[in-house]
Novice: 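My questions all concern the structure below.
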Amino acid sequence: MHRALLRFLVLPFCLLVFSCSTRKTGENQVFYLNYSAGTVESLDPAYAKNLYNMWTDHMLYNTLVETDEHLQVVPSLAKSWSVSDDGLRYTFHLRNDVFFHDNEVFPDGKGRKVTAQDVVYSFNRLIDPAVASTGAWIFNDRVAEKLPFYAVDDTTFQITLREPFRPLPEILTMPYCSIVAHEAVARWGKDFARHPVGTGPFRFDYWDEGNVLVLKKNLRYWEHDASGNRLPYLDAVQIGFVDSKATEFFLFLQGKIDFVNNIDGSFKDLVLTKDGELKDEFRDKIRLTKRFYLNTEYIGFLVDENNPLLSSSPTKHLLVRKAINYAIDRPRIARYFKNGAVNPATEGFIPKGMPGYDSTATFGYHYDPEKALQLLAEAGFPNGKGLPSLTILTPDNWADIVNFIATQLQDVGIKTQVEIIQANILRQQMSKSEATAFRAQWIADYPDAETYLAFFYSRFPAPPNYTRFRHEAFDKLYEQSMNTPDSIRRNIYRTMDSIVMSQAPVVPLFYDQMLHFTQPGVNGFRANPMNLIDLKMVSKK
């Protein structure tokens, strides 16, 4: 059945999207990939709110600093940086050999040199209400009201903050903070989203919306490999837009695309073992790389004691919340629902792979139904007797796992119902404190554990503080960490994570992993735990 369907699906896709008969051969190297969302919304980094936008922006633009495969912040347009003793001013020293893409907006069509004024322009644009960037939150209420961005000279740029915020360099790695050419924005206005001009390894060439997007090598790109060869190696990147993960994987198996991010659920049992490895029949045909993905999947509880909804909720009791944590078999979920392609979340809310994660932590929860029964008895509800029913809200795509969780909770006497709800409505209810128990996920915005701990800081609204968690000692440590060196800050983060787990406002279920499938002839493909792919070093045999 798979083979018949494959023949049916691949032919029209090849004709309509990739024009298989025109695939380049010989010395030209073209990397083919697909965006299964069916589109890319914008090529303007001010709107880099989803994964495919971020991937494309990372090819077209550069940021001051970037994150490598090991989550280290490394130089990009800025070759070095420093922070003042009070933690309020960051100074970045820029390279002087970076040029914007050649484009008609420049005299004679030749891209000009990038200066610190371009950084000032790009960041001011990000917080301009008229632009309405989805990334404005990065700087809003965080930078100084007057002259937050300042060019000391052509190669020196400064940011001034209202309050110390040590993860600032990590935030600046986000594609939102890409540097754009003001000439192109002035020429195209809102249509800049379709006429991007950046400094990245690839430049915009052609976009037939919903069909194909082509980026070509930036011949003047500033980065070189260890042997002095100019990057990138590829001549072009060609992106298709088939909005089906199943079709996408069929195409990958046929060699029509070079890379697939994750795998459609219908293929997991076909391709992967229960331990998350390639089955024998696929090991010579495709290449699988598993990487940490900074995403914690969890069940959340509303814990605001002033909310009248909690008066009839079993989760208002701390011991009940702890019992729920002990009643759930996370390794079983990982193995049988996710084919071993995730890590059970038994250490805390900070995910595996994130600096600040503690692999030796004892403050997390493991499967222990006897302990759950003991805690219920201590709470005054032996075997769940007298405990009100628990209702967990979840989107449909998570119904199987949440139903399994409900069964496990009922095994220890916690009466549980599962209510299927549209994802956007669930988010609204979480934001309005109208959901007492909910299934959700928290994907890191930037490579610092603060992005997970801000989730519980009482001064923040929802998002991020969907549980309305409030803890005085936690808040003090959060504020202390904002002007503390990295090594000390990460120890503080672990203490904060332990406080959260002791109060159990969430049930961490698993830490995600990225499954990256590439063709055997693809070399040099890289990605970081933010799932930001990097094609600069890619070559094809």
Side-chain angles (χ1 to χ4, degrees), residues 17-18 23-25 27-37 40 43 45 48 50-63 65-71 74-77 98 100-101 173-175 178-179 196-207 212-227 229-241 248 251-252 255-262 286-291 293 514-541:
V17 179
F18 283 128
R23 285 174 67 95
K24 294 185 178 180
T25 58
E27 294 184 0
N28 287 338
Q29 292 207 347
V30 182
F31 193 84
Y32 296 88
L33 69 158
N34 179 66
Y35 287 176
S36 58
V40 59
L43 302 181
N50 64 43
L51 186 64
Y52 293 139
N53 285 26
M54 290 189 282
W55 282 2
T56 314
D57 291 342
H58 192 54
M59 300 178 211
L60 291 168
Y61 303 95
N62 291 116
T63 45
V65 290
E66 62 182 23
T67 306
D68 67 12
E69 294 175 276
H70 309 291
L71 282 184
V74 297
S76 184
L77 296 184
V98 179
F100 284 111
H101 298 155
T173 68
M174 297 178 69
S178 298
I179 308 307
V197 179
T199 61
F202 300 94
R203 59 178 178 82
F204 176 75
D205 182 62
Y206 174 75
W207 187 11
V212 64
L213 170 64
V214 177
L215 309 178
K216 288 190 175 180
K217 173 189 291 193
N218 174 11
L219 297 176
R220 302 174 72 200
Y221 188 58
W222 54 275
E223 283 193 89
H224 296 75
D225 66 15
S227 299
N229 301 306
R230 188 182 296 273
L231 300 175
Y233 301 138
L234 294 169
D235 295 292
V237 177
Q238 182 166 311
I239 302 164
F241 298 97
E248 178 183 71
L251 289 161
F252 176 74
K256 306 301 181 185
I257 53 180
D258 294 306
F259 160 73
V260 170
N261 173 55
N262 216 327
I286 58 181
R287 192 179 290 165
L288 168 62
T289 304
K290 294 192 289 187
R291 296 176 167 93
Y293 180 34
M514 297 181 290
L515 300 182
H516 285 170
F517 299 87
T518 52
Q519 297 293 351
V522 171
N523 294 309
F525 181 92
R526 299 186 298 180
N528 66 28
M530 310 291 295
N531 204 9
L532 195 61
I533 64 173
D534 188 348
L535 304 184
K536 292 193 299 281
M537 304 285 289
V538 168
S539 61
K540 293 173 61 176
K541 291 182 180 178

Novice: Can you measure from CG (D258) to OG1 (T518) and round to the nearest 0.5 angstrom?
Specialist: 9.0 Å
Novice: Taking V538 as the fixed residue, which of L231, V522, N523 is the one that meets the side chain to side chain contact (heavy atoms under 4.5 Å, CB included) rule?
Specialist: V522
Novice: Partners of R230 by side chain to side chain contact (heavy atoms under 4.5 Å, CB included), sequence neighbours excluded?
Specialist: H224
Novice: Which atom names give the shortest non-hydrogen contact between K536 and P201, and what distance separates them?
Specialist: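 Between these two residues, the closest heavy atoms are CG-CG, 3.7 Å.
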Novice: Do you know the tightest heavy-atom contact between P175 and P45?
Specialist: O-CB, 3.3 Å
Novice: Taking only residues two or more places apart in sequence, or in another chain, which ones meet T199 in a side chain to side chain contact (heavy atoms under 4.5 Å, CB included)?
Specialist: N62, L77, V98, F100, V114
Novice: State, with a plain yes or no, whether a side-chain heavy atom of V74 is found less than 4.5 Å away from one of E66.
Specialist: yes
Novice: So which heavy atom on Y61 is nearest to which on G198, and how close?
Specialist: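 Scanning both residues completely, I find the closest heavy atoms to be CD2-CA, 3.6 Å.
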Novice: Using side chain to side chain contact (heavy atoms under 4.5 Å, CB included) as the criterion, point out the one residue from Y35, F202, F204 that pairs with T56.
Specialist: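 The side chain to side chain contact (heavy atoms under 4.5 Å, CB included) with T56 is passed solely by Y35 among Y35, F202, F204.
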Novice: Could you tell me which residues satisfy ring-ring contact (aromatic ring centres under 6.0 Å, His included) with Y233, sequence neighbours excluded, listed by chain and number?
Specialist: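 In terms of ring-ring contact (aromatic ring centres under 6.0 Å, His included), with neighbours along the sequence ignored, Y233 is linked to no residue.
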Novice: Does N261 reach the side chain of I533, with side-chain heavy atoms less than 4.5 Å apart?
Specialist: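 Side chain of N261 against side chain of I533, heavy atoms only: no contact under 4.5 Å found.
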Novice: Might you point out which heavy atoms bring S76 and W222 nearest each other, and give the distance in Å?
Specialist: O-CH2, 3.5 Å
Novice: Counting C-beta onward and ignoring hydrogens, is there a side-chain heavy-atom pair between Y32 and K540 closer than 4.5 Å?
Specialist: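 Sidechains of K540 and Y32: in contact.
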Novice: With a 3.5 Å distance limit and no angle check, can you tell me whether D235 reaches the backbone of V30 through a side-chain donor-acceptor pair?
Specialist: no
Novice: Could you give the distance from CE (M514) to CG (N528), rounded to the nearest 0.5 Å?
Specialist: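 Answer rounded to 0.5 Å: 6.5 Å.
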Novice: Among all residues two or more places apart in sequence or in another chain, which pass the side chain to side chain donor-acceptor pair (under 3.5 Å) test with T63?
Specialist: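 Result, side chain to side chain donor-acceptor pair (under 3.5 Å) vs T63: none returned.
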Novice: With sequence neighbours excluded, what pairs up with R220 under the salt bridge (charged side-chain N to carboxylate O under 4.0 Å, His left out) test?
Specialist: D102
Novice: Looking only at non-hydrogen atoms, find the nearest pair between N218 and G200 and report the distance.
Specialist: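 What the structure gives for the nearest pair is ND2-O, 2.9 Å.
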Novice: Excluding sequence neighbours, so at least two apart, what forms ring-ring contact (aromatic ring centres under 6.0 Å, His included) with Y221?
Specialist: none
Novice: Report the residues that fulfil side chain to side chain donor-acceptor pair (under 3.5 Å) with T67, sequence neighbours left out, ordered by chain and then residue number.
Specialist: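 Residues passing side chain to side chain donor-acceptor pair (under 3.5 Å) with T67: T173.
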Novice: Closest approach of V237 and I239, non-hydrogen atoms and distance?
Specialist: CG1-CG1, 4.0 Å
Novice: Among all residues two or more places apart in sequence or in another chain, which pass the side chain to side chain donor-acceptor pair (under 3.5 Å) test with S36?
Specialist: Y52
Novice: Would you please name every residue forming a ring-ring contact (aromatic ring centres under 6.0 Å, His included) with F259, sequence neighbours left out?
Specialist: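 Only W55, H516, F525 meet the ring-ring contact (aromatic ring centres under 6.0 Å, His included) criterion with F259.
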